[in-house]
Amino acid sequence: MTFCMKQLAVLIGLPMVLTSAALAGLTIFASSVQAQSAEQSENEVLYWYDPMYPQQRFDEPGPSPFMDMDLVPRYADEGGDNASMLIDPAVTQSLGMRVTSVTREPISQTVEAVGTLGYDERDVAIVQTRSAGFVEKVYDLAPDDVIPENAPLADLFFPQWSAAQEEYLALRGMGEPQLLAAARQRLRIAGMPPEHIAALERSGKASPSWTITSPIGGVLRSLDVREGMTLPAGASLARINGLEKVWLDVAVPEAQVRNLKVGQKVEAKLPAYPGESLEGVVEAILPQANLDSRTVRVRVVLPNPDQLLRPGMTADVTLSRDEDEALVVPTEALIRTGRRTLVMLAEGEGKFRPVEVRVGRETDFKTEVLSGLEEGQRVVASGQFLLDSEASLRGLTTEPEQSAEDTGPALHEAEGTIVSIEDGMVNLSHGPFKTLNMPGMTMAFSIADPVLLEGLKEGERVQVGVSESDEGLVIERIEKLGDQP
């Protein structure tokens, strides 16, 4: 095997060259910052701060009370709390920073979930006796058999039918319409079905036996009779479930239920029939959530004309909403700190500024921006974490974007179910507070104003906005969610 020593030297040296390039970029970035700091040293100092606790300000220089280091000066030309950072364009290019525009695009929310097929509980027939009797014969059937409409189930004998039928036949030849009508009414009271009475009138022969048949076609869910049994009036004999339609119960994470609505399109794919998909719509969003799985059941009705869909089968379900326009940024541009979400706004000429945003739906690697940005602004999509670190070192802070109508503190929002209300406290089974990086759980909350609890009761679904305080989370806003079908 021949191998040139020069080639070996190139292969060995390549990682070192790449590493050196990355270090060089960081060195350039640091040098740029140091150069700017040197220029700032001649300017007026506003205050001193610890880079690890930039929110704490000091009027004089000295050692930090938090860390083993000296306080850092904050200069007047840095522009206050919302100041921009000036970074040399050559540095941003060498570090591979990528800037993208804030755009307004059509966005659709899709939810992926798993569902299970079940019987249509509206298409059910219960077969009962109408009077006391005996079971003479049970036809060759068993639970879970698929039977057609009018399939015979059992032959029953009713002793009290004999006397009532004989009385009716005797009165039929007397020419007394009123007495005959009364005798026919007694037959109905005895439990004889209309078709049995019609057969008696045609034949003129009493028949106390009756063959019970299935009123609908479907699955024989239960058959509770045996030959020789004595049955009281009203005894249940069988339960039949129709198969013309089936229900698809979908377990949707409660954090995504807000994006669903009745009539929404649904696509289902069953492992039993690969390559095929079924289409349906959301018929109902059921009112109760599962506390263990933190999901809400969504009901979809699927037609089943060929009876290929069998209750108990599973399905992969995609729920899609109609597209609507929204302000979006690439998801990778977001800096999630746990308590808030930031982006690095590019203001041109090498200036960058941290901006807090409120985000909404996420889809196709893009995230909806509800507030904090405007269409056409440019944000950093790659390398923003380095800028965010530099902003923290300089003590740059940002306040949440506020509208003219809302100047109060930003609230952290979630949905939940009221478990109990006691002594001005609300025990709430809530979903995740995304802006707090807090998972769903059941806990007690204080109420900022008892008036907020008026009209609320246990078991209701609500949306809450909470603020942080020294005593914990406090509910500042609570709204009852609309009734769900």
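This one's a predicted model, so the numbers in the text were calculated from it and none came from an experiment.
- Side-chain atoms of Ser467 and Arg477 include no donor-acceptor pair closer than 3.5 Å.
- A donor and an acceptor atom, one from each side chain of Thr295 and Ser293, are located under 3.5 Å apart.
- Taking the side chain as every heavy atom from C-beta outward, Leu302 and Leu117 approach each other to under 4.5 Å.
- Side chain to side chain, Ser429 and Thr417 fail the donor-acceptor criterion of an N or O pair below 3.5 Å.
- A pairwise comparison of heavy atoms in Val380 and Ala333 identifies O-CB, 3.5 Å as the closest pair.
- In summary, the side chains of Ser101 and Arg378 do present a donor paired with an acceptor at a separation below 3.5 Å, with no hydrogens or angles considered.
- The aromatic rings of Phe445 and His430 lie perpendicular to each other, with more than 60° between the two planes, well past the 30° mark.
- In this structure, Asn304 and Lys245 have side chains that are not in contact, with every pair of non-hydrogen atoms separated by 4.5 Å or more.
- The distance from the CZ atom of Arg461 to the CD atom of Glu254 is 5.5 Å, given to the nearest 0.5 Å.
- Residue Gln307 qualifies as enclosed at atom CD: its count of foreign heavy atoms under 6.0 Å is above 12.
- Between Val124 and Ile216 there is no side-chain heavy-atom pair separated by less than 4.5 Å.
- Thr318 pairs in a side chain to side chain donor-acceptor pair (under 3.5 Å) with only one of the listed residues (Glu112, Glu267, Lys265, Lys269), which is Glu112.
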